[in-house]
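Below is one structure; the comments refer to it alone.
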Amino acid sequence: MRRLKRAVEGKTIANAKAIHPALLRQFPDATARRLRQRTIDSVERRGKHQLLHLDNGATLHAHFRMNGDWLITSTEDPLDRFTRAFIELTDGTRIELQDSRALAALKLHPKGEDALPALGIEANDAMLDAPHLKSVLAKRRGPIKPALMDQKVIAGLGNIYAAEALWRSMISPRAVASSISLPRLERLADAIGFVLKSKNRPPGRYTDNEFRGRFQVYDREGEACRRCGTTIKRIQQAGRSTYFCPKCQRS
DNA sequence: CGTATCCTGACC
DNA sequence: GGTCAGGATACG
């Protein structure tokens, strides 16, 4: 999002296009054409959502989902093999929505229309503390790990960092969300802040092989817990893999 | 609440 | 060929 911001803020769109059926459904040519000659006033992030605010009050909403990323290129460059949509600016900059699985969201919202779903507190907000967690988790019946990944509970936390935060705070991913004690929620809130700090996470994407194994539990099934040596386990929760240490993460 | 679904690619 | 993948949503 920061790279996007640097590349497009204050610039004017020359052309835009989706080039994959899944993207075209949400961003048809008629919509793409409406972006022409619009200036991008600002780029904003909310949770995992990116909002490009245009000079006519409309908002272009982008969400990478699983695999998405922005490629910043030039209009002279050939399109990347996995580019599913792109926006070209009048200065020759092109931003490509690179998304092999084509699961990303790209949608233009006219002025006045809400581009965002309901979202909880930002994962990196200093106001995210134990009392806040207590109140948003109070009426959840299920386990904590899926609750942490619910964007209405916390905006911006996903599968990796939910697992990392639970490992750091020594809380079982299966712990019932509503019945976690305040002291443990305090550890959890601190852990969320910690694991998201840039100095505590890999500088690249986790699939960039050189950055794997940089997590404490995520994707470490069968390896030794870095705290107690116990073998890291993988379970399924809400259809997603959860990695955790069965010994030092307690319910 | 969990599950199926949207997609394609990497890896076994 | 099967399994898994950083996410969200519609549905039961």
Side-chain angles (χ1 to χ4, degrees), chain A residues 1 3 18-27 45-51 61-71 79-85 96-107 109 114-120 122-124 136-167 173-179 192 195-196 198 200-223 232-244:
Chain A
M1 202 274 316
R3 283 186 299 112
I19 49 178
H20 183 288
L23 270 292
L24 273 166
R25 279 201 293 273
Q26 5 166 15
F27 194 70
R45 181 187 67 79
R46 271 288 276 136
K48 303 171 188 173
H49 303 262
Q50 301 173 67
L51 300 176
H61 170 234
H63 189 303
F64 290 154
R65 304 275 180 112
M66 299 285 235
N67 285 324
D69 199 3
W70 293 117
L71 276 188
L79 289 171
D80 182 81
R81 174 157 79 111
F82 299 123
T83 289
R84 308 308 190 193
E96 302 180 26
L97 179 56
Q98 184 192 49
D99 179 26
S100 58
R101 287 173 76 178
L103 293 175
L106 187 66
K107 200 168 188 305
H109 295 264
D114 205 346
L116 288 175
L119 293 173
E122 285 292 321
N124 63 356
V136 293
L137 296 174
K139 44 191 189 310
R140 300 208 51 124
R141 316 226 88 237
I144 183 65
K145 171 25 172 70
L148 289 179
M149 293 174 62
D150 184 339
Q151 302 299 297
K152 294 189 288 306
V153 174
I154 298 173
L157 258 206
N159 201 29
I160 292 179
Y161 293 102
E164 293 293 303
L166 288 169
W167 180 85
R174 295 194 261 224
V176 175
S178 58
S179 50
I192 291 168
V195 299
L196 289 178
S198 56
N200 299 320
R201 41 185 181 86
R205 324 192 98 208
Y206 98 106
T207 41
D208 299 354
N209 264 329
E210 70 179 293
F211 300 131
R212 293 184 63 167
R214 295 269 219 116
F215 297 113
Q216 300 298 327
V217 273
Y218 182 81
D219 203 20
R220 297 193 66 241
E221 182 185 19
E223 298 178 40
I232 298 297
K233 280 189 126 174
R234 176 165 70 106
I235 58 170
Q236 292 286 127
Q237 290 183 300
R240 313 294 299 282
S241 279
T242 294
Y243 300 86
F244 71 109

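Throughout, a chain's letter reflects where its sequence line sits, starting with A, and its residues are numbered from 1.
Looking at residues two or more places apart in sequence or on another chain, you find a side chain to side chain donor-acceptor pair (under 3.5 Å) between A/Gln98 and A/Asp80.
To the nearest angstrom, C1' of B/dG2 lies 12 Å from CD of A/Gln236. In this structure, A/Asp80 places its CG atom 15 Å from P of B/dT8, rounding to the nearest Å. Counting to the nearest Å, the P atom of C/dC4 and the CG atom of A/Asn67 are 17 Å from each other. The CZ atom of A/Arg214 sits 17 Å away from the C1' atom of C/dG6 (whole-angstrom rounding). The interatomic distance linking A/Gln98 (CD) with B/dG9 (C1') rounds to 12 Å, in whole Å. Rounded to whole Å, atom C1' of B/dC6 lies 20 Å from atom CZ of A/Phe27. Distance CG (A/Asp219) to C1' (B/dA10): 13 Å, rounded to an integer number of Å. Across the protein-nucleic acid pair, A/His20 atom NE2 and B/dC7 atom P stand 7 Å apart, rounded to whole Å.
Candidate nucleotides C/dC4, B/dA10, B/dC7 were compared by shortest atom distance to the side chain of A/Arg25, and B/dC7 ranks first. Among the nucleotides B/dG9, C/dA5, B/dC7, the one closest to any side-chain atom of A/Ser100 is B/dG9. Distance from the side chain of A/Pro146 is smallest to B/dG2 among C/dA5, B/dG2, B/dG9.
To the nearest 0.5 Å, atom CD of residue A/Gln237 and atom CZ of residue A/Arg234 are 12.5 Å apart. Once rounded to the nearest 0.5 Å, the distance linking CZ of A/Phe82 with CG of A/Leu97 reads 13.5 Å. Going from atom CE of A/Met149 over to atom CD1 of A/Ile144 covers 12.0 Å, rounded to the nearest 0.5 Å. Atoms OG1 and CG, on A/Thr242 and A/Asn159 in that order, are 6.0 Å from each other to the nearest 0.5 Å.
Using a 4.0 Å cut-off, no side-chain N or O of A/Tyr161 falls inside it from OP1 or OP2 of C/dG6. In this structure, A/Tyr243 reaches the C/dA5 phosphate: one of its side-chain N or O atoms is under 4.0 Å from OP1 or OP2. Neither OP1 nor OP2 of C/dG6 sits under 4.0 Å from any side-chain N or O of A/Arg201. The shortest distance between the side-chain N/O atoms of A/Ser241 and the OP1/OP2 oxygens of C/dA5 is below 4.0 Å.
The aromatic rings of A/His61 and A/His49 sit parallel, their planes meeting at an angle under 30°, below the 60° perpendicular limit.
For the P atoms, the distance linking C/dA8 with B/dA10 amounts to 23 Å, nearest Å. Distance check on atom P: C/dT3 versus B/dA4 gives 13 Å, rounded to whole Å.
When all heavy atoms of A/Ala163 and A/Tyr243 are compared, the closest pair comes out as CB-O, 4.0 Å.
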- Query: How does protein reach along nucleotides 7-12 of chain C, written 5' to 3' as B (base within reach of a heavy atom under 4.0 Å), S (only sugar-phosphate), or - (no contact)?
  - Reply: BS----

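Between A/Ile160 and A/Asp219 the shortest side-chain heavy-atom distance does not fall below 4.5 Å. Side-chain atoms of A/Lys145 and A/Phe244, non-hydrogen and from C-beta on, never get closer than 4.5 Å to each other.
Using a 4.0 Å heavy-atom distance criterion, A/Pro21 is classed as making no nucleic acid contact.
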- Task: Begin from the C-alpha positions of A/Val153 and A/Leu137 and carry the test side-chain contact (heavy atoms from CB on, under 4.5 Å) through to its verdict.
- Result: CA-CA 8 Å; A/Val153 174; A/Leu137 296 174; 4.0 Å; yes

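Helical stems of DNA chain B (runs of at least 3 Watson-Crick or G-U pairs, donor-acceptor distances under 3.5 Å) are listed by first residue: B:1-6 with C:7-12, B:8-12 with C:1-5.
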